[in-house]
A.B. asks: 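Please find one structure pasted underneath; my questions will follow.
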Amino acid sequence: MFFSPLISKSDSVSAIMLKVLLALLPGIVLYVWYFGPAILVSITLASLTALGTEALMLKLRDRPIMPFLKDNSALLTAWLLALSIPPLAPWWMVVVGTAFAIAIAKHLYGGLGNNMFNPAMVGYAVLIISFPAQMTHWIAPHGMVISELTFPQQLDFIFHDVLPNSDTLDALTMATPLDTLKTHLHLDQPMRQILDMPIYGRFAGHGSEMVALGFLLGGLYLLASRIISWHIPAAFLGTLFVLAGIFHLVDPAHYAGPLFHWFAGASMLGAFFILTDPVSSPTTNNGRLIYAAGAGLLTYLIRVFGGFPDGVAFATLLMNICVPLIVLYTQPKVFGKKGSQP
Amino acid sequence: MPVGNDNMRKLYHFHGGIHPPSNKTQSTRATIARAPLPAKLVIPLHQHAGETAKPVARVGERVLKGQLIGMPDGIVSSAVHASTSGTITAIDMQLIAHPSGLPNLCATLIPDGEEEWVPRKAIDYRDHSPAGLQHLLRMAGVVGLGGAAFPSDLKLSLDRHKITTLVLNGAECEPYITCDDMLMRERAAEIVQGAEMLRFMLDAEEVLIGIEDNKPEAIASMRAAVAAGGHRRMEVIAVPTVYPGGGAKQLIRVLTGIEVAAGVRSTDKGVQCFNVATAYTVHRAFAHGEPLLSRIVTITGNVLHPRNYEVLIGTPIAELVALGGALPDTDSYIMGGPMMGFPLPSVQVPLVKATNCIIASSKKIFPPPPPVMPCIRCTRCADVCPADLQPQDLFWFAQSREFGRAQAFNLFDCIECGACSYVCPSHIPLVQYYRFAKSEIHAREHDKQLADKARVRHDYREQRIEREKQEKADKLAAREKAAQAARLAGAQPLTAQQQAEQAELETSRAHIRELAQSAVEHADEGTTK
Amino acid sequence: MLSALLVMSAIAAVLGAVLGFAAIKFHTEGNPLVDKIDDVLPQTQCGQCSYPGCKPYATAIAAGEADINRCPPGGEEGIRKLAELLGVEFKPFGEDAVPKAKSLAVIDESTCIGCTLCIQACPVDAIAGAAKQMHTVIASECTGCELCVAPCPVDCISMQVIGEKIANWKWKYPVYAMTATT
Ligand code: SF4
Ligand code: SF4
Ligand code: SF4
C-alpha cells in the first residue's frame with residue numbers, strides 16, 4: 001500500500017548512528033595515541049557482545065534480526081560503554097556490561113526507541129557498582145610510569161589476568177585525574193601543587209584531555225551535520241562551566257576550574273554522545289536545556305561531593321527518569337496559539 | 001524573521017518546512033494546451049467539500065454545455081454542470097478519484113460534439129450585492145481549486161469581521177505541480193480581475209498575491225498584469241520557496257504575520273485566502289457567465305510529454321495520461337503531488353474540480369519506501385513541522401489508539417503536509433497514522449451523537465408509554481366510578497355519547513381482527529410461494 | 001470553658017448549615033455512576049444484554065449485578081471503555097454475545113400491511129406510519145436493534161448492513177510489512 005508522502009529524504013537510522021560512530025573516531029585515535037591499543041580490544045569485544053546479544057534478544061522477541069543489526073545502534077552502545085570503562089578491565093567485565101546494557105536496558109524496555117535509560121550508562125553503572133576495584137584499571141599514558149605493558153602483555157592481562165612477573169598492577173595503572181584530584185584534596189594538598197603532578201596536562205589529565213578534545217571535535221561534526229542540536233551540549237557544558245567557575249572563584253585552593261571539569265572525565269563524551277542519545281533524552285528544545293542543565297549540575301555535585309570517580313553516568317541516568325515529566329511541561333506552543341502576532 | 005527579497009515588504013517566517021526536489025521544470029516547457037473532447041464524460045455529483053449535489057438531469061435527457069445537472073443540497077454544497085453538450089446516459093454509482101477507492105454518484109454524459117452552450121449572462125459585479133454574487137458563485141459551482149474544493153461562496157460570507165487583507169495563493173509549493181504557475185504566466189490579467197471581484201465581495205482593503213520565488217516568470221507576468229490593470233493596493237510578492245509554504249495558513253503567516261489556529265476562521269483575523277485558479281474561475285463566472293466546467297491540470301512524472309492541459313471536468317484520467325504518453329514501466333497514477341497526493345483506484349476515474357495534477361508513477365520515480373523502523377525520538381519531524389507539533393508524540397498516541405491524548409496534543413492542528421514523514425529516518429508513515437486517528441475520532445464523535453439522540457428518543461418514548469398507561473388507568477378508574485355511580489343510581493340508559501363511544505370501540509376491534517386475519521393469509525402466501 | 005464550648009458549637013452549627021446547603025444546592029439527580037456507564041453504552045436499546053434497555057443494563061452494572069461484556073453493539077471498544085471507567089479488567093465477549101456489523105431496518109413497503117406492531121416495538125420511535133398505512137423506518141433514527149423484525153406478521157422488515165460509503169469511510173490503521181526479515 002502506498003502512503004503519501006511518496007518521496008522521502010534519503011536518511012536512515014543506520015546512517016545517523018554510523019555518523020555518530022564516525023564522530024567518535026578522532027577521540028579513539030587520540031586514545032590509542034596516548035594510551036596504547038588496549039582500548040581497541042575492549043571496543044571490539046563490546047561490539048561483538050552487543051551484536052550477539054542484540055541478535056539473541058531479537059530472536060527471543062521474535063523480531064526481524066537483520067534490519068535491527070544493521071541499524072548500528074547496538075554498536076554505538078558498545079562503543080560508548082567501552083570508552084567509559086578502563087581499557088585494562090578484564091574481558092568478562094566488558095562482556096557482562098555490554099550484554100546487560102543490550103539485553104536488560106534496551107530490549108526488556110521494548111528495544112530500539114523504547115528504552116527509558118541510556119543503555120551504555122546502565123551497563124556502566126552496573127559495572128561500577130558490582131566491580132569497583134576492576135573499574136580503576138586505567139592505563140597510564142605513555143611515559144607516565146616506569147614500566148609499560150606491551151600489547152601482547154596487555155592482551156594477556158585482559159584475557160587471562162596474568163601480568164609479567166616483575167610487575168604489579170599498581171605500577172602499571174593509575175587513578176584518573178578526577179580521582180587523583182579528589183584523593184589529594186582529601187589529604188589537604190593545595191590545588192596548585194596537585195595540578196603540578198605529571199598526571200595533569202595543560203588543562204586536565206595528561207593525555208585524557210587530548211582524548212576529550214577529540215570527542216569535542218567529533219561533537220562539533222555532529223552539530224554541523226545536524227545529527228544533534230546545540231541545546232544539550234551547550235546547556236550541559238554551560239552549567240558545568242558556571243558551577244565550576246563560581247566554586248573556583250570563591251575557593252581556588254579547593255575547587256578546580258571550569259576548563260578542568262570540561263576536559264576531565266567523561267564531560268565531552270557525555271555532552272555530545274551520551275546525553276544526546278535521542279531515545280532517552282527529551283524531545284523538546286526547552287526540555288533539552290533543562291535536562292542537560294540538570295545533568296551538568298548533578299555531574300558537578302557527584303564529582304566534587306560524591307563518592308564516585310565521575311558523575312556523568314549517574315547524572316545521565318537520574319535525568320533519564322525525569323524525561324517524561326520534562327517533556328510534558330515543555331510542550332511548545334502550536335501554530336496559531338502563540339499569542340505573539342502583529 | 002524578515003526574509004530578504006525584492007519586495008519592499010517585511011515577510012514572516014513559519015517554523016520548519018522542507019526542501020524536496022521540485023521537479024517542476026519538466027512540465028513548464030510547453031504552454032497550456034486544450035485537451036480534446038473525450039468520447040465520454042463521467043461527472044461526479046460530489047466534487048466539493050460538503051453535501052453531494054442533488055441530480056436534476058434525467059437519464060436520456062439532452063443537456064447543453066453549462067447546464068445545471070447537480071443542484072447544491074444543503075449549506076455546504078455546490079452546483080455541478082454538464083461540461084459539454086450531449087446526452088446523459090446514466091446517473092449511477094461510479095468509481096471516483098478518492099483514496100477510499102469507493103464509488104459515488106456520477107452522471108455519465110456522451111458528448112454530441114456540438115459544444116452548444118446554455119445562454120450565458122455576463123454581469124458587471126459592481127452592479128450586484130455581495131450576497132447576490134455569492135449565490136451566483138454557488139450556482140456556478142465555484143470551489144477552491146487549490147485542492148480542498150471548499151465551496152468558494154461560503155468563504156465570502158461577510159460576518160462582523162472587517163477583512164483587511166485578501167491573500168491570493170500562487171505559491172504552489174508541492175513538487176511536480178505547475179498548473180497554477182502556467183495559469184499565472186498565461187492568464188494573469190484574468191486572475192487579477194478575479195482577485196478584484198473577490199476583493200469587492202469581501203470589501204477587503206489590500207490584495208497580496210504570494211508566489212514562491214522559484215517561479216520568476218509567473219511573478220513577472222502577474223506583476224505586469226497588476227500594473228497594466230492599474231490595480232491599487234494589490235501587490236505581487238515573491239515568497240521563499242519552502243514546502244508547505246503554499247498551505248493557506250502558512251502563506252497567510254508569511255505575508256501578514258498572522259497565524260490562524262486550527263478551528264479558527266481566518267476571517268476572524270481579518271484575512272481571507274483564495275487560490276489563483278479560483279480567482280480565475282470567479283472571473284470566468286462573472287465576466288463571461290461561465291460555470292466551472294474545466295480546469296488546468298498538470299500531467300507529469302513518468303510520461304514522455306509532461307505538460308499542462310485545460311481539461312473538461314469529468315474527462316477520464318486515462319485520456320490525459322494518453323496525451324502525456326505514459327512510459328511502459330508506469331505502475332500507478334497519483335492525483336495531486338508526491339507529498340499529499342494519493343494513488344488513483346483506476347486510471348478510468350474522472351477528473352474532478354480538485355484535480356490539479358496527475359503524476360504517472362514508477363518504481364524509478366517513487367521507489368518503494370525502505371523498511372519501517374521504530375521511532376528513535378530524533379525529533380527531525382518536530383523540527384520540520386509547520387504547525388509546531390510534536391509528530392513523534394502524536395504518532396505514539398495514534399499508534400496505541402490513545403485518541404484522547406492525541407487530541408490533547410493538538411492532533412487536529414496537523415495539516416497533513418507530510419513534512420514529518422519526509423524527514424523521518426525510520427520511514428514511519430506518520431501522516432497515515434494521523435489520518436487514521438482523525439477519522440477514528442470523527443467516527444466516534446458521530447457515534448456518540450447518534451447514541452445521545454437515541455437515548456433522548458428512548459427516554460421520551462418511555463415517558464410517553466408511562467403517561468399513556470397512567471392515562472388509561474385514570475380513564476378506567478373514572479369509568480369504574482361512573483359505572484358504580486350509575487349502579488347506585490339504578491340502571492340508567494347509556495347516554496348518546498356513551499353509545500357512540502361503544503360503537504367506535506366495536507368497529508375498531510373488528511378492524512383489528514380483520515387485519516390479523518389478512519396478516520395470517522399473507523404469511524401463508526409467503527410460505528407457499 | 002463555657003465560651004470555648006459556645007464557639008465550638010457555633011462552628012459546628014455553621015459547618016452543618018454549609019454542608020446541608022451544599023447537599024441541596026449540589027444535589028445530583030439519580031446515580032451518577034449509572035449515568036456515566038449509560039454514557040458509554042451505545043444506546044441501541046436492543047436488549048441483547050438481557051436487560052430491557054441500556055439504562056437498566058447500566059444500572060445492573062453499577063450495582064455489580066452484570067458483567068461488562070454483555071453489550072454486542074458496543075463492540076470490544078465499548079467493553080474497553082467500561083473496563084476503564086470501572087477500573088476492572090477487560091473481558092472479551094462470550095460466545096453468546098458476538099458483535100455484528102451495524103445495520104438498519106428496512107421495511108419492504110409493498111408488503112407492509114400497516115399493522116403498527118413494529119412501531120410499538122421500536123425503542124426509539126424510529127418508525128413512522130399509522131394504522132393501515134404503509135410504515136417506513138426513519139433511517140437517521142434507527143439504531144439497528146432488530147426489535148421490530150420479529151413482531152412483523154408479514155416478515156417485511158429486513159436488516160441491511162450499512163456498508164462502507166464515501167460518507168462514512170475511514171482511513172485505516174497503517175499496515176505495512178514490519179521490516180523485511182532477511
Ligand atoms: S523523525 Fe521519525 S524517528 Fe525521528 S522522532 Fe520523528 S517519528 Fe521518530
Ligand atoms: S503532517 Fe502534520 S505533524 Fe507532520 S509536519 Fe505536517 S503538520 Fe506537522
Ligand atoms: S445490548 Fe443493546 S440494550 Fe443492552 S446496553 Fe447494549 S445496546 Fe443497550
Side-chain angles (χ1 to χ4, degrees), chain A residues 1-17 19-20 63-64 66-68 70-73 76 110-116 226-229 231 276-285 287-288 323-324 327-328 330-342, chain B residues 12 14-15 18 20-21 175 249-250 253 256-262 264 269 332 334 336-343 359 361 365-366 369-371 373-380 382-383 386-390 392-393 409-410 413 416-419 421-427 429 431-432:
Chain A
M1 165 105 191
F2 258 119
F3 298 124
S4 66
L6 302 166
I7 48 177
S8 72
K9 219 169 157 179
S10 57
D11 209 346
S12 66
V13 176
S14 74
I16 292 177
M17 298 288 174
K19 281 186 191 159
V20 182
R63 309 304 305 271
M66 268 336 264
F68 284 104
K70 282 193 285 191
D71 72 19
N72 292 329
S73 67
L76 184 57
L112 178 68
N114 293 302
N115 45 295
M116 169 160 197
R226 294 172 167 268
I227 304 270
I228 60 174
S229 72
H231 303 81
T276 51
D277 166 36
V279 179
S280 56
S281 65
T283 45
T284 58
N285 284 338
R288 289 181 176 128
V323 166
V327 170
L328 194 63
T330 52
Q331 285 294 314
K333 287 250 187 303
V334 308
F335 186 87
K337 299 179 184 164
K338 295 187 195 113
S340 69
Q341 294 178 29
Chain B
Y12 297 82
F14 63 88
H15 176 261
I18 54 173
K249 287 163 191 275
Q250 281 64 37
R253 163 73 187 166
T256 67
I258 293 169
E259 288 187 4
V260 181
V264 175
K269 305 230 167 197
S332 66
I334 314 293
M339 295 301 295
M340 296 179 75
F342 61 90
I359 307 178
S361 156
I365 305 186
F366 301 129
M373 297 286 284
C375 167
I376 55 165
R377 312 205 331 137
C378 66
T379 67
R380 280 169 167 61
D383 292 343
D388 302 83
L389 298 171
Q390 296 282 302
Q392 76 282 355
D393 291 337
F409 277 67
N410 304 301
D413 286 76
E416 297 178 22
C417 67
S421 305
Y422 178 78
V423 296
C424 176
S426 288
H427 310 291
V431 189
Q432 204 57 32

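Each chain gets a letter, A, B and so on, in the order its sequence line appears, and its residues count up from 1. Just the heavy atoms: all of them, side chains too, but no hydrogens, waters or symmetry mates, feed the values below.
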A.B. asks: Please rank B:H427, B:E416, B:Q250 by heavy-atom pairs under 4.5 Å with chain A and give me the top one.
C.D. replies: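 Top option by heavy-atom pairs under 4.5 Å: B:H427.
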A.B. asks: Could you check if a side-chain atom of A:L6 sits within less than 4.5 angstrom of a side-chain atom of B:S361, using non-hydrogen atoms only?
C.D. replies: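 A side-chain contact is absent here, since even the closest heavy-atom pair is not under 4.5 Å.
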A.B. asks: Mind checking the OG-CE spacing from A:S14 to B:M373? Nearest 0.5 Å is all I need.
C.D. replies: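 Reported value, rounded in 0.5 Å steps: 7.5 Å.
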A.B. asks: How far apart are the closest heavy atoms of A:I7 and B:Y422, and which atoms are they?
C.D. replies: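 The answer is O-CD1, 3.4 Å.
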A.B. asks: Would you mind checking which part of B:M339 comes under 4.5 Å of any heavy atom in chain A, side chain (CB onward), backbone (N, CA, C, O), both or neither?
C.D. replies: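 Both parts, heavy atoms under 4.5 Å.
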A.B. asks: Is A:I228 close to chain B through its backbone or its side chain, or both, or neither, when contacts mean heavy atoms under 4.5 Å?
C.D. replies: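 Nothing of A:I228, per the 4.5 Å heavy-atom cut-off to chain B.
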A.B. asks: Counting only heavy atoms closer than 4.5 Å, note whether B:P386 contacts chain A via side chain, backbone, both or neither.
C.D. replies: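 When you check distances to chain A, only backbone atoms of B:P386 fall under 4.5 Å.
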A.B. asks: Are any non-hydrogen side-chain atoms of A:Q331 and B:D393 less than 4.5 angstrom apart?
C.D. replies: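 The answer is yes, as the side chains (C-beta and beyond) meet within the 4.5 Å cut-off.
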A.B. asks: What residues, two or more places apart in sequence or in another chain, satisfy side-chain hydrogen bond (donor to acceptor under 3.5 Å, both in side chains) together with A:D71?
C.D. replies: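 A:S73.
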A.B. asks: A:P332: which residues meet the side chain to side chain contact (heavy atoms under 4.5 Å, CB included) condition with it, sequence neighbours left out?
C.D. replies: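 With neighbours one apart ignored, the set is A:T284, B:Q390.
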A.B. asks: I want to check something: taking the side chain as every heavy atom from C-beta on, are A:K337 and B:D413 in contact at a cut-off of under 4.5 Å?
C.D. replies: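 A side-chain contact under 4.5 Å exists here.
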A.B. asks: Determine the minimum heavy-atom distance between B:R380 and A:R226, stating which atoms define it.
C.D. replies: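 Closest approach of B:R380 to A:R226: NH2-O, 3.7 Å.
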A.B. asks: Between A:S281 and chain B, which part of the residue has a heavy atom less than 4.5 Å away: side chain, backbone, both or neither?
C.D. replies: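 When you check distances to chain B, only backbone atoms of A:S281 fall under 4.5 Å.
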A.B. asks: Quick one: what part of A:N114 sits under 4.5 Å from any heavy atom of chain B, side chain, backbone, both or neither?
C.D. replies: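 When you check distances to chain B, only side chain atoms of A:N114 fall under 4.5 Å.
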A.B. asks: Under the side-chain contact (heavy atoms from CB on, under 4.5 Å) test against B:S421, which residue among A:S8, A:S4, A:P5 passes?
C.D. replies: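 Result for side-chain contact (heavy atoms from CB on, under 4.5 Å) with B:S421: A:P5.
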A.B. asks: Looking at chain A, which one of B:P338, B:P429, B:A382 has the largest number of heavy-atom pairs inside 4.5 Å, strictly under?
C.D. replies: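 Looking at each of B:P338, B:P429, B:A382 in turn, B:P338 comes out on top.
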A.B. asks: Mind ranking A:S10, A:P278, A:S229 by heavy-atom pairs under 4.5 Å with chain B and telling me who comes out on top?
C.D. replies: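 Maximum pair count with chain B is reached by A:P278.
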A.B. asks: So what's closer than 4.5 Å to chain B heavy atoms on A:L112: side chain, backbone, both or neither?
C.D. replies: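 Contact with chain B: backbone and side chain both.
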A.B. asks: Quick check: closest heavy atoms across A:V279 and B:R377, and the distance to 0.1 Å?
C.D. replies: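 For A:V279 and B:R377, the tightest heavy-atom pair comes out as O-NE, 3.1 Å.
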A.B. asks: Over all heavy atoms of both residues, which pair between A:V13 and B:S426 is shortest? Give the atoms and the distance, please.
C.D. replies: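 Looks like CG2-OG, 3.1 Å.
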